[in-house]
Amino acid sequence: MSIDRQAIVAAIARLNAAAQRDFEMLNDADGALGDGDLGITLSRGMELIAEITDDLPDDLGKTLLQCAQAFTKSSGSSYGTLMATGLMAMAKALKGEISIAPDRVSELTALARDAMQARGKADLGGKTVLDSLDAVAQATAGQNDEAAVAKAASQAVDDALDAFRNTQATIGRARMFGEKTIGMDDPGMLAMRTIVKALAG
Amino acid sequence: MSIDRQAIVAAIARLNAAAQRDFEMLNDADGALGDGDLGITLSRGMELIAEITDDLPDDLGKTLLQCAQAFTKSSGSSYGTLMATGLMAMAKALKGEISIAPDRVSELTALARDAMQARGKADLGGKTVLDSLDAVAQATAGQNDEAAVAKAASQAVDDALDAFRNTQATIGRARMFGEKTIGMDDPGMLAMRTIVKALAG
Amino acid sequence: MKKLLNEPVDYVDETLAGLTAAHPEYYRLYGDTGRVVARATETAEGKVGIVTGGGSGHLPVFTGYVGKGLLDACAIGDVFASPSAEQMADALRVADRGAGVLRLYGNYGGDVMNFDMAGDLVDFEDIQCTTVLLADDVASASLEEREKRRGVAGMVYAFKTAGAAAEAGQDLTAVTAVAQKTADACRSIGVALGPCTVPQAGKPTFTIADDEMEIGMGIHGEPGMRRGKLLPADDIANEMMDRLLEDQALSSGDRVSVMVNSLGATPPEELYILYRTVQARLEATGASIFMPLVGRYATSMEMSGVSFTVCKLDDELEALLQAPCDCAFWRVG
Amino acid sequence: MKKLLNEPVDYVDETLAGLTAAHPEYYRLYGDTGRVVARATETAEGKVGIVTGGGSGHLPVFTGYVGKGLLDACAIGDVFASPSAEQMADALRVADRGAGVLRLYGNYGGDVMNFDMAGDLVDFEDIQCTTVLLADDVASASLEEREKRRGVAGMVYAFKTAGAAAEAGQDLTAVTAVAQKTADACRSIGVALGPCTVPQAGKPTFTIADDEMEIGMGIHGEPGMRRGKLLPADDIANEMMDRLLEDQALSSGDRVSVMVNSLGATPPEELYILYRTVQARLEATGASIFMPLVGRYATSMEMSGVSFTVCKLDDELEALLQAPCDCAFWRVG
Ligand SMILES: Nc1ncnc2c1ncn2[C@@H]1O[C@H](COP(=O)(O)OP(=O)(O)O)[C@@H](O)[C@H]1O
Ligand SMILES: Nc1ncnc2c1ncn2[C@@H]1O[C@H](COP(=O)(O)OP(=O)(O)O)[C@@H](O)[C@H]1O
Ligand SMILES: [Mg+2]
Ligand SMILES: [Mg+2]
Ligand SMILES: [Mg+2]
Ligand SMILES: [Mg+2]
């Protein structure tokens, strides 16, 4: 099976539902280490994407570009901008394609990760959404079966949370909390778990 | 005996001592019903007058005018301005005279009272220094013996306090306290008692 | 008391020292007590002088408004206390250029006594004085007893129009008439949310619960019309506008200027939120708004709250309002 | 939370509605989200645009400084939150008159990400962009890590000089160079005495004891250099000037402008008390002071405290600083 417009439309419905479901959880997690708006940012962004689902073109590049724009509109919070950045990077790579195989997931995730890293001027290992993406890119490398990719990605976001839980945040608002962040999950990594699990279906 | 420069110089010494003695009492009384500066105003005014005692001329009018000016310099608080106003009114009446008999006290006090009333745009009966002066003017009317004048004036300031203690203040800052003023002495009347008793010797 | 100061007793003198040091092109100190602020440069012989005065703690009122097209001099007392008659007399002296001086200030007992006394003092020096009192606070007495009202932010309009008239060379009678017309045309009301602290007193001027406001409170914490639960901004603005429009009706074709003034701590963001309703209420009467003033024009240090002033205009006042003026806190033209 | 507002969620939109209603001669809203403030009238074709942006709650920063000789447009977020990249892109679009746009704003992570993204968005539309970041807060990182510092009141100087250069017809490279030179010449430090409340958060940004101050605290309540007992004003001013002069030495013949800025609730009286010491310390280095700014130039709503900014001048910056500018909050010339 391959990833096309129809698969994306179906995924958007799952993403939107998951974002609304985790609204409070993400706001609370961000409230503990930041300004408490991450649930709002994610759900609002997904809502805006859901609104344009019917008009999405077959060209996957254009489709992802429109999804990116929805995120740039939603708010000025970091996560929305990073998501838009990642989506735009993938959009550029997919320009003109209407269907791709699951073995491209790793490469595309890595592209998003790198673009977001450049945008946020942050290193890997800082306990951010970048570390979740990095884990996904690595875990899905070399896989070309859709179910295997989904399973690996899903496992990777959990593993990333476990791996970073007891480290100290050094980036974004959470940095100001210093040692207090040890033992706490990064809100952006939690949000990426929500996203990846919804995509995995 | 008559009132001349020498008598005034002696009175100033007594006034200054009395003002310093009652400093706290007058501040406290004013603090309960106003801004708590009446002790400062009176003592500072008397100090400034004491400083110029040596240079006071024989002309009683000029002497009282200089005393008045000392009060206008001391501060902008009402009592200082009222004192200066009363002294200026007496000064005008005494221009050119170098000695007066005690029977002029009533008339001069009434002059001060009227000028101060005009300055403060307040009626008699409002529980202010005006009521003390009015009591003194009436009690000393027709008296021409110095001891009798002193005794009558001294008694009058006490009587005025008694008469107004259980009335409500309607003028100046005390007015804002409304019924709370019933049972309390007006600070300006207390200050006039300090002054009159010191003058009476 | 949480303030940036040294000894409380030096608060006013150090404020004036800083003010004149920062803006020597606008202000200088005059007289031996250091409590008279005059324009940096002498005005021309024959110009009518305008002098104000009152307690410190209200910047830009009073000293701030000394400047071209505004005031000539100001006598300034301790915080919330009248300057002395002698200081006021000094302000009258420096402002007099042979054409007389208008005393233009707020209706407070102590200030009135002292300015009257100051007039007596300079009378000997042949300085002719007139007086116009601002009594614009509708919360402080009924319309029938208008002369008893306190003077608040409306004085800024009178400084502006009288200042422009004097700068234009009008004589003392004419300048006084302009000031009186402006004073008569102004209506103000305040609402307080939090107190300020007089440095030498060391404790807040009043107490108020965290969820309360007091409508009509005076700028020194004088009791207002009603204390109640803090309402939404639009409701407060409507209640205040009700009082103002009750006191001075407006109708189609009228022109007004309106001031939405912070008492100090209240930020401009909140003033603009209120301005929406102020504008809507004024326009609903059919009146048109000219030169609205939104900002900190008359304050009480760090007091929290606002005041509204409506100043009804005619052709003369409108022209004087837009005439040039210049001081460290306000420029027009 | 004691504020004059309606629904917290409407705080920013209602503030902007009031701002543009009160001053239509200066400001207009642009774009569908209502979060871009542009000059009331279009500038001439070929003029370099200057755009800023950031969170609300800092008036006159950011929107207030849109005006002639200053900024062309501003994207404004929720209180203390970045506007979206799309809103910034709209600000860039309205500011572009074919000669490119300078993005001139404070160094905060969210704002940087979004302004970069906004640049990518308008790149498709052939709008050329440059960037200058203000990073003037000496308390937020060491001199070695200067690029990590937060941007605070120093941005007002950069708005002024770059704005004057753009108004004079300089090209994008030149305007950008002026802004960078000004940013490099500015050093700021703050002291906080009391917090403010973000309307939608509903509780104060930080807590601080009644007898404490925090030197170096950021304008959103970011941790400072040291918290301690509230000292006399002169001591605080000296400690702050020590930090500034350590970071940028001054010597005889140098010229500086200095800003003594209230963070909101602190009244001008206290600013002038502080100014005495600021002036004395600067003059003790042999430097001369040009155009000191004392007032509320960059605030955090009702936060209590002050900041000092020293901006070192050369002939070019001095000339640009005194060039005319005009907005509802500041006029020069
Ligand atoms: N510079 C950065 N680089 C990478 N990730 C970042 C960066 N800044 C924030 N994040 C991620 O975004 C999450 C917070 O997102 P969000 O709540 O939108 O931020 P804010 O509200 O502070 O703008 C963090 O938990 C982190 O994972
Ligand atoms: N308008 C007035 N007319 C007559 N007496 C007045 C008037 N105002 C105040 N007083 C008197 O002055 C006293 C207060 O004096 P002072 O403390 O100097 O006033 P303040 O500090 O309020 O200016 C009052 O107790 C009253 O006796
Ligand atoms: Mg957040
Ligand atoms: Mg946020
Ligand atoms: Mg008193
Ligand atoms: Mg007093």
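If you're wondering where the values come from, they're calculated on a predicted model, not measured in any experiment. Numbers restart at 1 for each chain; the letters A, B, ... are given by sequence-line order, proteins then strands.
When C:D116, C:V112, C:T33 are compared by the number of non-hydrogen pairs under 4.5 Å with chain B, C:D116 comes out ahead. Each of C:P83, C:A75, C:A118, C:A89 has some count of heavy-atom pairs under 4.5 Å with chain B, and the biggest count is that of C:P83. Ranked by heavy-atom pairs under 4.5 Å with chain C, the first of B:G76, B:A122, B:G36 is B:G76. Contact tally against chain B (heavy-atom pairs below 4.5 Å) for C:L121, C:D111, C:D78, C:D120: the top residue is C:D120.
Around atom CD of C:E125, more than 12 heavy atoms belonging to other residues, nucleotides or ligands sit under 6.0 Å away. At most 12 heavy atoms of other shown residues, nucleotides or ligands fall within 6.0 angstrom of atom CD1 in B:I98. The environment of CD in B:Q6 is sparse: at most 12 heavy-atom neighbours from other residues, nucleotides or ligands sit within 6.0 Å. Summarising the local packing, NZ of B:K62 is surrounded by 12 or fewer heavy atoms from other residues, nucleotides or ligands at distances under 6.0 Å.
In this structure, CG on B:L65 lies 6.5 Å from CZ on C:F124, to the nearest 0.5 angstrom. To the nearest 0.5 Å, atoms NE2 (C:H220) and CG (B:D35) are separated by 11.0 Å. Atom CE of C:M88 and atom OG1 of B:T72 lie 11.5 Å apart (nearest 0.5 Å). Note that the NZ atom of C:K148 and the NZ atom of B:K121 stand 13.0 Å from one another [nearest 0.5 Å].
Salt bridge absent: C:D32 and B:K73 never bring a charged side-chain N and a carboxylate O closer than 4.0 Å.
For B:S75, the part lying under 4.5 angstrom from a heavy atom of chain C is the backbone only. For a residue to count as touching a neighbouring chain, one of its non-hydrogen atoms must lie under 4.5 Å from one of that chain's; by this rule C:Q87 does not touch chain B. Proximity to chain B is limited to the backbone of C:F80, based on heavy atoms less than 4.5 angstrom apart.
Closest approach of B:S78 and C:G110 over heavy atoms only: OG-CA, 4.3 Å.
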*Any chance you could lay out the side chain to side chain contact (heavy atoms under 4.5 Å, CB included) test for C:M117 and B:M88, step after step, and finish with the verdict?*
CA-CA 10 Å; C:M117 166 73 91; B:M88 274 171 87; 3.7 Å; yes
